[in-house]
Amino acid sequence: MSNTYPFSLVEGQWQSFWDAQNSFVALQDSPKPKYYVLEMFPYPSGRIHMGHVRNYALGDVIARFRRAQGFNVLHPMGWDAFGLPAENAALERGVHPKQWTLENIAAMKTQLKRMGLSYDWTRELATCLPSYYGHEQKLFLDFLKQGLAYRKESLVNWDPVENTVLANEQVVDGKGWRSGAVVEKKQLTQWFLKITDYADDLLEALDHLPAWPERLKTMQVNWIGKSQGMNIRFALAQEWAGTSEIQIYTTRPETLFGAAFIGISPNHPLAGQIGAQNPEALAFIKECQAGGTSEAELEKAEKRGFDTGLRVVHPFDAQRQLPLYIANFVLMDYGTGAIFGCPAHDARDFAFARKYHLPILPVIAPFEGESNADEPFEGPGRMIHSDFLNGLETAAAAESVMTRLESLGVGTRRTNFRLRDWGVSRQRYWGCPIPIIHCAACGPVPVPEKDLPVIAPEDVSFDQPGNPLFHHPTWKHVSCPTCGGAAERETDTFDTFFESSWYFARFCCPDATQPLDPEALRKWLPVDQYIGGIEHAVMHLLYARFFTRALSKCGYTDIQEPFEAQMPQGMVCHRTFKDPEGRWVYPDEVHFEGDQPLRISDNAPLTIGRSEKMSKSKRNVVDPQEIFDAYGADTARLFMMSDSPPERDLEWSEAGLQGAWRYLNRLWRLGEKMQEHLAAAPKSGTADTQVRRTLHQTIAACTQDIGRFAFNKYVARVREFTNTFENAQENLSAATLREGLSVLLQLLNPVVPHITEEMWKRMGETRSLVDYPWPVADPELLAHDTVTLAVQVNGKLRATIVVDAQWTADQIQEAALSHEAVARLVGDQPVRKVIVVPGKIVNVVV
Ligand code: ANZ
Ligand code: ZN
């Protein structure tokens, strides 16, 4: 008889079985209610990491649980396969991005299969294949027709060495993340998607997503950044080169009497005009234009300005003139690209005023305490030094100022959004070609639908910096679809967020000849449960929400929100080790002598550092494959679920893993023992009722726990029942032994599907466990037993109480003392002692 769970035999067999049976193929026609569970699809980097294992194990528990509950589950998987790492591999190793990507997909798919995940692989998709991105090109043409896509010039981060646009995240300290070159800002014509058309809707609709975590919604609210304020026109004291006024945007009109300067963006047209005449101004503007364009970059940078010598007049006081600066912290693409600065009540303006010795006049007094002259006061309060506003509270003052500015004809109320239209053009090879042909006579012409997909050439060279599509000798030269003249293809490709914005919809109809089949979308969407990292809280999740609205406008779907519920899972963390030279050391190179970690190879003493997110750079990684090989997939899955709730970080520990491994082996032996019991003479059954009660309470509690993602509690409860069951096994009837083990396996199946299937089969069951319904608790067994206890006070019977049979002595004591008759007798006297005789009597001594 084998005593360890033979996972390497068992797991492969069941994976083949599910495959052969098509166990997880979602049926288009099924009378059962649908349930769509989706984990964010991975980038095919080559190997799965622990973060993937956690993400997919979580999704799998939900998928298998819902399936057992009788849902027609859709649980698909695919590959987010375009992106820069493939081009880097081409540069560094000379392998073609396509080959690199497809090999990685194959390797990772093998690993996912090794985990025993219940995916419907018939729906697999890879975004780098024309069978996917060809449809994406059609969607883009639809968006163009609907006015949802357009071209405009905009300011971008330009890497002069790599000859490409960089995303804000790719600019580090003003330099290109790979080339290290100082990033320039450049005007470039690019394609944009009109996400701003939906800014208000994307914001408002968050209120109707109760199953989204609050913190995630807050991140979206901040990202959309709706603000209400006013555009105000300030007259120049003297007209300059045809300019007589400057328009600013403010959300704090009540601070107008504290205004100390006007700031315009270095990219403001007026700044350009001034620069054209004043070399010093021009030099300052140039300096500002180097470095990143992102708000975060600007926030960090020192606040600097250039005094143009121009002056504006305060709208309420013709005697008061304010200097006009070109200021590096004013963004051109927000509001009007110009501000009035109020140093006493804004941190940026405060720093600026200090530097340039501008007046800092407080106009708001805090409701409580005093303001401090050494820092700006940004809160609400009562107005001071503000003429007709004095004494008003800030909100009322803002209203009053705005009304007056409106009547003077210099102010217009404005709502602004921080959200910008989404620039989707990238100068990259490994992305979806934008289906446009540029003709000198006709302008940009959409590629006719019959010519889709536009496929990028494979014979490209990465020898020159810049986009290989642009350098390709022949590919871009085509004739214009409209006039037939010589024309050129667009050589830009889409931002890879484009692909991940609609893949969840394509999974509903992976073989449709159109991009999406409305019928299939009606059946499956929205996704009932989406699971992925919090790092996607804004960009990906917001783009996908926008896309769903755009798809609806194009007639593909009726829904507006793609994800009914969203669960951001925590990270997988591990402690870090460093050697005496300060280099990171992999955990599998470490052994311990007592508490002292030593390097295995040379016994060098190591220091233990903080636990951090597993990452290659800190070497605190554990390779999932090694765990699968040494302990099997079920052990890894069980450990992932046991330790912390999904939204929290999970601390990877060898001890935790060992615990999971030992439990599975105990379960395995329990199964074998059960076979012996069942074959031997029948047992008494004296423990039947108690064990069955616990069992059914466990069913009820686990069902609830899984439903609310308390997977760690659910696992703990099943383990607790395993103890009860094991301890009572000698006193259980054959029927209860069978019931106990069966239900135990059913409950555990979503987490550890292989071992449970195998044990189930060995119990003689013929139908496989994946096809079995979820156990239902018997309501009669859920009610706790009660007992009646006599309560004596100083030896005399005074009351009887009815208590739950499972109560502790403390709970019983509390019930006895709070009984009305007892409490009256005891009165103010101190209670000297309470004796609880379980099941019989409570004696109170005063
Ligand atoms: C005067 C003022 C006084 C302001 C005060 C703030 C505090 P949100 O809330 O993000 O919309 N602002 C306006 N346009 C800007 C631009 N293009 N670049 C940089 N800053 C800009 O921020 C609006 C506030 O940010 C506006 O209100 C403006 O400064 C500044 F005590 O106006 B405020
Ligand atoms: Zn033409």
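Counting convention: from 1, in listed order, for ligands and their atoms alike. When a residue number appears, it is its place in the shown sequence, counting from 1.
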Salt-bridge criterion met for Arg252 and Glu254 (N-O under 4.0 Å):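 Salt bridge present between Arg252 and Glu254.
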Ligand 1 versus Arg418, non-hydrogen atoms closer than 4.0 Å: side chain, backbone, both, neither?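 None of Arg418 does.
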Which residue supplies the protein heavy atom nearest to [atom], what is that atom called, and how far is it?
atom                    : result
atom 27 (O) of ligand 1 : Thr251 N, 3.0 Å
atom 28 (C) of ligand 1 : Tyr249 O, 3.8 Å
atom 3 (C) of ligand 1  : Thr255 OG1, 3.2 Å
atom 12 (N) of ligand 1 : Ile339 CG2, 3.3 Å
atom 18 (N) of ligand 1 : Leu331 N, 2.9 Å
atom 25 (O) of ligand 1 : Arg348 NH2, 3.3 Å

For atom 6 (C) of ligand 1, which of the options Met230, Arg252, Gln228 provides the nearest non-hydrogen atom?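 It is Arg252 whose heavy atom sits nearest to atom 6 (C) of ligand 1.
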Determine, considering heavy atoms only, which of Thr394, Thr336, Thr250 sits nearest to atom 1 (C) of ligand 1.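 Among Thr394, Thr336, Thr250, the closest heavy atom to atom 1 (C) of ligand 1 comes from Thr250.
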Nitrogen or oxygen of [X] less than 3.5 angstrom from that of ligand 1:
X      : answer
Tyr334 : yes
His345 : no
Asp349 : no

Taking the side chain from Thr308 and the backbone from Leu324, do they hold a donor-acceptor pair closer than 3.5 Å?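 It does hold such a pair.
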Atoms in ligand 1 with a heavy atom of [X] nearer than 4.0 Å:
X      : value
Ser227 : 11 (O)
Val330 : 16 (C), 17 (N), 18 (N), 19 (C)
Phe329 : 18 (N), 19 (C)

Between Ser500 and His536, is any pair of side-chain heavy atoms under 4.5 Å apart?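 The answer is no, as the side chains (C-beta and beyond) never meet within the 4.5 Å cut-off.
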Pairwise side-chain contact, Asp492 with Trp191, heavy-atom cut-off 4.5 Å (strictly under):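 Contact flag for Asp492/Trp191 side chains = no.
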How wide is the angle at the Zn ion (ligand 2) spanned by Cys483 SG and Cys480 SG, rounded to 10 degrees?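 Approximately 110° at the metal, rounded to tens of degrees.
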Can you check whether Phe140 and Tyr133 have ring centres sitting under 6.0 Å from each other?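 No, the ring of Phe140 stays outside the 6.0 Å limit from the ring of Tyr133, centre to centre.
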is_close_aromatic(Phe498, Phe82), centroid dist under 6.0 Å: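 Here the rings of Phe82 and Phe498 have centres that are no less than 6.0 Å from each other.
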Could you go through the side chain to side chain contact (heavy atoms under 4.5 Å, CB included) check for Gln137 and Val447 one step at a time? CA-CA 9 Å; Gln137 293 169 337; Val447 171; over 6 Å; no
Identify the residue among Gln560, His540, Gln220 that makes a side-chain hydrogen bond (donor to acceptor under 3.5 Å, both in side chains) with Arg545.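 Of the listed options, the one satisfying the test is Gln220.
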Between His438 and Glu490, a side-chain donor and acceptor under 3.5 Å: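 On atom types as modelled, these side chains qualify, holding a pair under 3.5 Å.
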Gap between atom CD1 of Ile274 and atom CZ of Phe306 - 0.5 Å precision: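 If I round to the nearest 0.5 Å, the distance is 8.0 Å.
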